[in-house]
Amino acid sequence: MDRLKAPARLMIVSDLDHTMVDHHDPENMSLLRFNALWEAHYRHDSLLVFSTGRSPTLYKQLRKEKPMLTPDITIMSVGTEITYGNKMVPDDGWDEVLNQKWDRNIVTEETSKFPELTLQSETEQRPHKVSFYVDKTKAQIVTKVLSERFAKRGLDVKIIYSGGMDLDILPQGAGKGQALAYLHQKFKTEGNLPINTLVFGDSGNDAELFSIPDVHGVMVSNAQEELLQWYAENAKSNPKIIHATERCAAGIIQAIGHFNLGPNASPRDTIDFSNHELEIVTPGKAVVNFFLFLEKWRRGEVENCEMYMAGMKADCDSSGVLVHPSGVELSLHDAINRIRSHYGDKQGKPFRIWVDKILSTKIGSDTWLAKFNLWELSGEEQQGCVNTAIMTIKNAEATYMHVHQTWLEGSGAKDQSTWLF
């Protein structure tokens, strides 16, 4: 990635549904815990890759529903599409690889002869993927017969069954594992192969990820039967592949610590507001901790006392200015005073704040320019803004000098009375 000037310290490659995202966690707490950890400790020198069976349409839908970070790379449609950055720029080289020995017309012709197969929605049919639903009791025989018919017609395809119902037909060179191998080779050619790669999954279409050489692999505790069976047959003696005891994103956090790949204590678990800013030494940590405090303040989860207000004001230069997304300007200290009046206004309500894409540049001996997205979720309403902040870091303490906010396009409600800072 152009963002990094050296090989990534860590590249995390994670499936989404029931791995990064826990659909049985209405508070999204494990996901929010991972978000805080990543932005505080890893975003500046590591790569986040989402590898999902979802099509671009369903992937974008999930991002609207859940407090997800923006990945550096997105692998979609069971490894048949690779895109980069927030703009999701496609990798044309990967398309060329997949076009070899692939004929979608033959695939649709042969599968139409199987009444056991139910075609998935149009959004899930992609240039290099044809997807169906099939009953678990019929999947094995259907897969066997289909493979034989494709072979007779000279078509080299891969059939993947996962989730106890999904059957995907792809080019033989496609799949989550092959997409990751392609990325590894691309980074290696550029002299930027990540120092460590850590992969995560929960279902059969994730198995290939664990087969890539030199990766650490983790099956989350809620992994499905098909992946556990693959593990028992292929990788049980491999110390680089483990079965976590924690669900979903909590299992990801657990694995980082298990393999000693870096910090694995999420700020949501460890931050001590009574010892304000003591351990903050980077812009990422400063931003995450500041807005985590703001969330807890509004939820009424920290004590309402002058010590905290004094601490927040100490984080802001007395002459500093905040430009709100509405265009209104006020001093940073006045902004803190406004925060005082919001203490506990979200108590007992579904309210969360998280930050995304913290990118910082050193512009002086102790001065940093940090840019990040700030999101608020209140009930079902979500709003976000782009923040550009100038801060100084001295003696392990961060001080905001200037903050400029603009609404994020498509961020939802723009409540002028809510001060995001």
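Along the sequence shown, residues are numbered consecutively beginning with 1.
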Quiz item: Under 4.0 Å between a Lys/Arg side-chain N and an Asp/Glu carboxylate O for Glu295 and Arg268?
Solution: yes

Quiz item: Can you find a heavy atom in the side chain of Trp297 that is under 4.5 Å from one in the side chain of Asp345?
Solution: no

Quiz prompt | Asn222 and His18 side chains, donor-acceptor separation under 3.5 Å | solution = no

Exercise. Mark yes or no for whether Trp102, through its side chain, and Pro127, through its backbone, hold a donor-acceptor pair below 3.5 Å.
Key: yes

Quiz prompt | Arg153 and Asp103 ion-paired at < 4.0 Å | solution = no

Practice problem: Please determine, by modelled atom types, if Gln224 and Ser203 share a side-chain donor-acceptor pair under 3.5 angstrom. | Solution: no

Quiz item: Salt bridge between Lys158 and Glu208, side-chain N to carboxylate O under 4.0 Å?
Solution: yes

Exercise. Spell out, as yes or no, whether a donor-acceptor pair under 3.5 Å connects the side chain of Asn192 to the backbone of Lys188.
Key: no

Self-check item: SB check Glu110 Lys113 (cutoff 4.0 Å)
Solution: yes

Practice problem: Check step by step if salt bridge (Lys or Arg N to Asp or Glu O under 4.0 Å) holds for Glu148 and Lys152. | Solution: CA-CA 6 Å; Glu148 293 171 350; Lys152 286 181 180 180; over 6 Å; no

Practice problem: Check whether the side chains of Ser30 and Asp22 place a donor and an acceptor atom closer than 3.5 Å, and report yes or no. | Solution: no

Quiz prompt | Between Phe293 and Tyr308, ring centroids under 6.0 Å | solution = yes

Self-check item: Main-chain N/O of Pro263 paired to Tyr42 side chain as donor or acceptor, under 3.5 Å
Solution: yes

Self-check item: Distance-minimising heavy-atom pair for Ala8 and Leu47
Solution: CB-CG, 3.8 Å

Quiz item: What are the two closest non-hydrogen atoms of Val107 and Thr111, and how far apart are they?
Solution: O-OG1, 2.8 Å

Quiz item: Just wondering, do Met20 and Leu31 contact through their side chains at under 4.5 Å, heavy atoms?
Solution: yes

Quiz item: Is it true that Asp91 and Lys186 have a side-chain N and a carboxylate O under 4.0 angstrom from each other?
Solution: yes

Quiz prompt | Salt-bridge present (Lys346, Glu376; N to O < 4.0 Å) | solution = no

Quiz item: With a 3.5 Å cut-off and no angle check, do the side chains of His258 and Asn264 form a donor-acceptor pair?
Solution: no

Quiz prompt | Exercise: do Asp15 and Ser51 side chains pair donor with acceptor under 3.5 Å | solution = no

Exercise. Can you label the angle between the Tyr182 ring and the Trp94 ring as parallel, tilted or perpendicular, going by 30° and 60°?
Key: tilted

Quiz item: Side chains of Gln229 and Glu225: donor-acceptor distance under 3.5 Å anywhere?
Solution: no

Quiz item: With a 4.5 Å heavy-atom cut-off, do Val157 and Leu170 have their side chains touching?
Solution: no

Exercise. Classify the side-chain pair His44/Thr282 by whether it contains a donor and acceptor separated by less than 3.5 Å.
Key: no

Self-check item: Asp25 side chain to Asn28 backbone, donor-acceptor under 3.5 Å
Solution: yes

Quiz item: Salt bridge or not for Arg352 and Glu27, using N-O below 4.0 Å?
Solution: yes

Practice problem: Indicate, with yes or no, if the rings of Phe210 and Tyr231 have centres closer together than 6.0 Å. | Solution: no

Quiz item: Would you say the side-chain atoms of Lys371 and Asn387 include a donor-acceptor pair closer than 3.5 Å?
Solution: no

Exercise. Verify whether one side chain among Gln254 and Thr245 offers a donor that lies under 3.5 Å from an acceptor in the other.
Key: yes

